[in-house]
Amino acid sequence: MKLYNTLTRDVQDFAPADGNTVKMYVCGVTPYSSTHVGHALSYVAFDTLRRYLEFLGFNVRHVQNFTDVDDKIINRAQEQGIEPDVLAEEFIDDFYRTMDALNIKRAHVYPRATQEIGPIIETIQKLIDSGSAYPGGGDVFFRVTQKDDYGKLSHRTLDGMQAGARIEVDENKEHPMDFVLWKGARAGEPSWESPWGPGRPGWHIECTAMSMTYLGETLDIHGGGQDLIFPHHENEIAQSEASTGQKPFSRYWVHNGLLQLGADKMSKSLGNLVSVEEALDNYSPDAIRLYFLSSHYRSPLSYTDEGCDAMERSADRLRNVLREETHSNGVGMDPTPFRDQFISGMDDDLNTPKALAAMFDLSREMNRQRDDGNSITKAQECLRQLGSLLGLTFKERETHLKVDAESYNALVSKIRDQVSGTDHAGLVELISNVYTESIKTVFAENIDQLISIRAECRNYKQYVLADEIRAWLDSQGVSVEDSASGSIWSYRPVS
RNA sequence: GGCGACGUAGCCAAGUGGUUAAGGCGGAGGUCUGCAAAACCUCUAUUCGGCGGUUCGAAUCCGCCCGUCGCCUCCA
């Protein structure tokens with residue numbers, strides 16, 4: 001497949017260094033707040049990349065870190081009066097729950113900065129020994145001038161960056177762009193012993209130490225959001241290649257475009273975040289994934305409720321074509337041309353909009369073939385497989401019925417009044433089976449019962465009553481679809 | 001100020017030199033249905049922000065202009 005490489009700024013044929021195993025390191029989160037939809041976009045993108053590489057036959061080794069010690073965590077923990085590690089643990093749990101809910105495959109290893117202090121210190125020592133880093137005032141800094149290609153990922157030069165730089169002046173730094181590898185301990189902060197005194201790792205260094213520990217000195221793919229290109233990934237390259245002697249730290253750099261909320265970027269400092277939990281309250285995981293995959297992973301995308309609504313409906317379109325079995329023994333439809341289209345899209349730098357178009361084309365053809373009496377069983381299998389490459393489950397939406405019991409009771413009495421005294425024996429019998437007292441909660445069984453009553457109404461051509469039942473169900477968020485084989489209902493939350 | 005991305009139908013979004021400009025949502029009409037829904041069919045951009053240029057040929061390449069956004073500071 002072809003993949004865009006931020007380092008070279010072009011699309012290249014992808015192949016792992018050793019022929020089969022793909023070493024993929026994806027930058028994880030700093031766990032100090034709820035997982036938001038921007039995170040979800042990024043990890044859906046890399047999950048999709050991983051699934052596709054596995055489909056191509058590669059053995060993907062996926063490592064993703066937690067930077068579980070950092071100013072933000074420490075500050076937030078202090079505000080809440082709890083220990084930083086307790087806070088981090090809480091949001092790491094939140095992260096796992098969220099990823100699972102979105103059907104994002106778990107990485108093989110999730111190293112945490114605080115559990116890798118040894119390798120971090122070793123890496124820093126190596127950098128000091130080779131002249132790439134120097135201690136100063138309890139901290140240790142990376143010497144950017146030592147790396148003549150510093151800036152190659154973000155395509156900047158030291159001079160260009162200093163022009164508009166908003167960097168704090170630090171007396172201990174030799175060069176304003178030098179960055180901290182080890183932060184000397186301050187009172188009340190977590191710290192570890194080191195050759196330079198007690199302290200904690202700086203940002204960047206944990207990724208170098210952890211990726212090398214779990215994947216070796218050269219990665220095939222290093223991924224993250226575009227906001228990490230500078231300074232995070234630039235600095236990772238600098239320190240990693242300085243420590244290994246210029247071996248390429250990562251052969252491909254893959255970055256996803258950022259999710260925006262309305263007109264603005266969604267970011268922690270702006271505070272305009274939508275948590276994944278909120279999104280999942282209103283939309284199915286499939287709809288959220290489809291929304292992210294409907295635009296190319298490198299393009300920015302605006303998160304809107306309207307967009308999610310539209311994607312929920314398109315998810316329904318896919319679910320519908322998988323819902324019914326084929327009842328015919330006509331010729332089986334061959335899904336191969338659509339599958340080929342899908343794959344050619346995915347091969348082209350993960351062009352998921354193109355792949356999705358192939359899925360929708362396939363669905364339309366399946367519906368046509370089924371209408372013509374042909375079997376679509378094989379095509380349904382194909383659609384499920386293509387969907388699974390995108391992490392789609394095609395599961396029906398969760399049905400947390402929130403039906404008003406009072407209104408239900410009123411409807412039942414009304415039906416009873418209208419039916420009693422008629423000679424529609426079947427109907428009279430059905431309604432007599434309905435619990436006569438008022439109920440407090442409406443369950444799926446109650447809905448099933450109403451559906452049966454409505455079916456009987458239709459048998460007796462009592463369409464007014466049948467339509468009244470359907471209208472009431474609709475008002476409660478329950479959609480009814482009649483077909484030759486009976487009626488099915490589904491719940492869609494009413495807003 | 002430096003670096004970069006983008007501007008395609010009512011909305012979202014592929015396409016980046018050459019047959020009728022994908023797909024989704026929405027809308028209009030039709031088929032099916034007791035009526036709906038779902039599904040299917042037809043229609044919904046003679047044109048790709050604007051103006052020039054290169055070319056036999058441009059949404060696609062070049063220049064300028066207008067507009068939107070990102071990074072340069074914590075961020076997926």
Side-chain angles (χ1 to χ4, degrees), chain A residues 9 26-30 32-33 35-46 64 67 70-72 75 151 154-157 159-168 203 223-232 234 255-260 263-270 273 290-291 294-296 298-302 304 306-307 309-321 323-324 341 345 348 351-361 363-372 458 461-464 466-467 470-471 474 479-484 487-490:
Chain A
R9 284 179 166 166
V26 179
C27 270
V29 295
T30 298
Y32 77 96
S33 63
T35 310
H36 61 71
V37 283
H39 296 132
L41 167 74
S42 183
Y43 298 120
V44 162
F46 287 103
Q64 188 168 315
T67 299
D70 150 285
D71 289 347
K72 302 266 181 183
N75 295 341
S154 51
H155 302 97
R156 297 157 202 234
T157 59
D159 290 346
M161 281 185 280
Q162 282 180 83
R166 285 166 276 178
I167 26 181
E168 289 175 47
W203 187 26
Q226 280 172 354
D227 51 350
L228 295 180
I229 294 172
F230 190 90
H232 187 51
E234 193 67 64
H255 293 99
N256 63 274
L258 301 181
L259 190 68
Q260 327 227 137
D264 296 316
K265 182 184 78 154
M266 185 177 311
S267 84
K268 294 184 177 178
S269 54
L270 291 174
L273 303 171
L290 281 169
Y291 189 41
S294 71
S295 99
H296 187 85
R298 284 193 282 116
S299 303
L301 177 68
S302 285
T304 63
E306 294 72 30
D309 285 331
M311 279 305 147
E312 193 71 79
R313 284 189 286 268
S314 62
D316 280 337
R317 189 171 174 74
L318 298 174
R319 292 179 188 120
N320 285 340
V321 74
R323 195 143 63 185
E324 287 177 56
Q341 272 296 107
D348 180 17
N351 189 332
T352 52
K354 201 169 154 187
L356 282 176
M359 281 182 74
F360 286 109
D361 284 339
S363 300
R364 166 164 288 118
E365 186 58 23
M366 286 165 70
N367 282 320
R368 272 192 204 129
Q369 295 278 339
R370 178 165 51 197
D371 288 353
D372 289 349
R458 295 176 68 220
K461 301 206 187 302
Q462 294 294 308
Y463 293 122
V464 175
D467 289 351
R470 183 172 63 195
D474 189 67
S479 314
V480 182
E481 288 179 39
D482 300 329
S483 77
S487 303
I488 52 171
W489 62 271
S490 55

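Residue numbering restarts at 1 for every chain, and letters A, B, ... go by the order of the sequence lines.
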**Request:** State which of B:rC25, B:rG24, B:rA39 makes the closest approach to the side chain of A:R313.
**Result:** B:rC25
**Message:** Students often get this wrong, so: under 4.0 angstrom with heavy atoms, is A:V480 touching a base, only sugar-phosphate, or nothing?
**Reply:** base
**Asked** Between B:rG23 atom C1' and A:R364 atom CZ, what is the distance in whole Å?
**Response** 9 Å
**Message:** Any side-chain to backbone donor/acceptor pair from A:S294 onto A:Y291? Under 3.5 Å, distance only.
**Reply:** yes
**Request:** Going 5' to 3' through nucleotides 5-16 of chain B, assign each nucleotide B (protein heavy atom under 4.0 Å from a base atom), S (under 4.0 Å only from sugar-phosphate atoms) or - (no protein heavy atom that close).
**Result:** --------SSS-
**Request:** Select base, sugar-phosphate, or nothing to describe what A:G345 touches, counting heavy atoms under 4.0 Å on all strands.
**Result:** nothing
**Asked** Dot-bracket for RNA chain B: what is it, with Watson-Crick or G-U pairs under 3.5 Å, [ ] where a pair crosses earlier ones, and | for a pair to another strand?
**Response** ((((((((.[[[..)..(....]]]((((((.......))))))....[[[[[..)....]]]]])))))))....
**Asked** Do the charged groups of A:D316 and A:R319 touch, with an N to O distance under 4.0 Å?
**Response** yes
**Prompt:** Counting any heavy atom closer than 4.0 Å, what does A:R319 reach on the DNA or RNA strands: base, sugar-phosphate only, or nothing?
**Reply:** nothing
**Prompt:** Given B:rA38, is OP1 or OP2 found less than 4.0 Å from the side-chain N or O atoms of A:R317?
**Reply:** no
**Request:** Look at all strands and tell whether A:D70 reaches a base, only sugar-phosphate, or nothing, counting heavy atoms closer than 4.0 Å.
**Result:** nothing
**Fill in**
Considering only heavy side-chain atoms of A:D227, the closest of B:rA22, B:rA76, B:rA39 is B:rA76
**Request:** Classify the nucleic acid contact of A:A310 as base, sugar-phosphate or nothing, counting any heavy atom under 4.0 Å across all strands shown.
**Result:** sugar-phosphate
Nucleotide N/O of nucleotides 29-34 of chain B paired with protein N/O under 3.5 Å:
| from | atom 1 | to | atom 2 | distance (Å) |
| --- | --- | --- | --- | --- |
| B:rG34 | O6 | A:R458 | NE | 2.9 |
| B:rG34 | N1 | A:D467 | OD1 | 3.0 |
| B:rG34 | N2 | A:D467 | OD1 | 3.4 |
| B:rG34 | N2 | A:D467 | OD2 | 2.5 |

**Residue A:R156, side-chain heavy atoms: nucleotide from B:rA76, B:rG4, B:rC72 that is nearest** = B:rC72
**Which residues share a side-chain contact (heavy atoms from CB on, under 4.5 Å) with A:P353, sequence neighbours left out** = A:N351
**Message:** Heavy atoms from C-beta onward define the side chain here; which of B:rC69, B:rG26, B:rA76 lies closest to that of A:H36?
**Reply:** B:rA76
**Those residues that, when tested against A:E306, pass salt bridge (charged side-chain N to carboxylate O under 4.0 Å, His left out) (two or more places apart)** = none
**Prompt:** Contact class for A:G224 vs. all strands (heavy atom < 4.0 Å): base, sugar-phosphate, or nothing?
**Reply:** sugar-phosphate
**A:E481 side chain, from C-beta outward: closest of B:rC74, B:rA38, B:rC40** = B:rA38
Show the distances under 3.5 angstrom between N or O atoms of the protein and N or O atoms of nucleotides 43-45 of chain B.
none

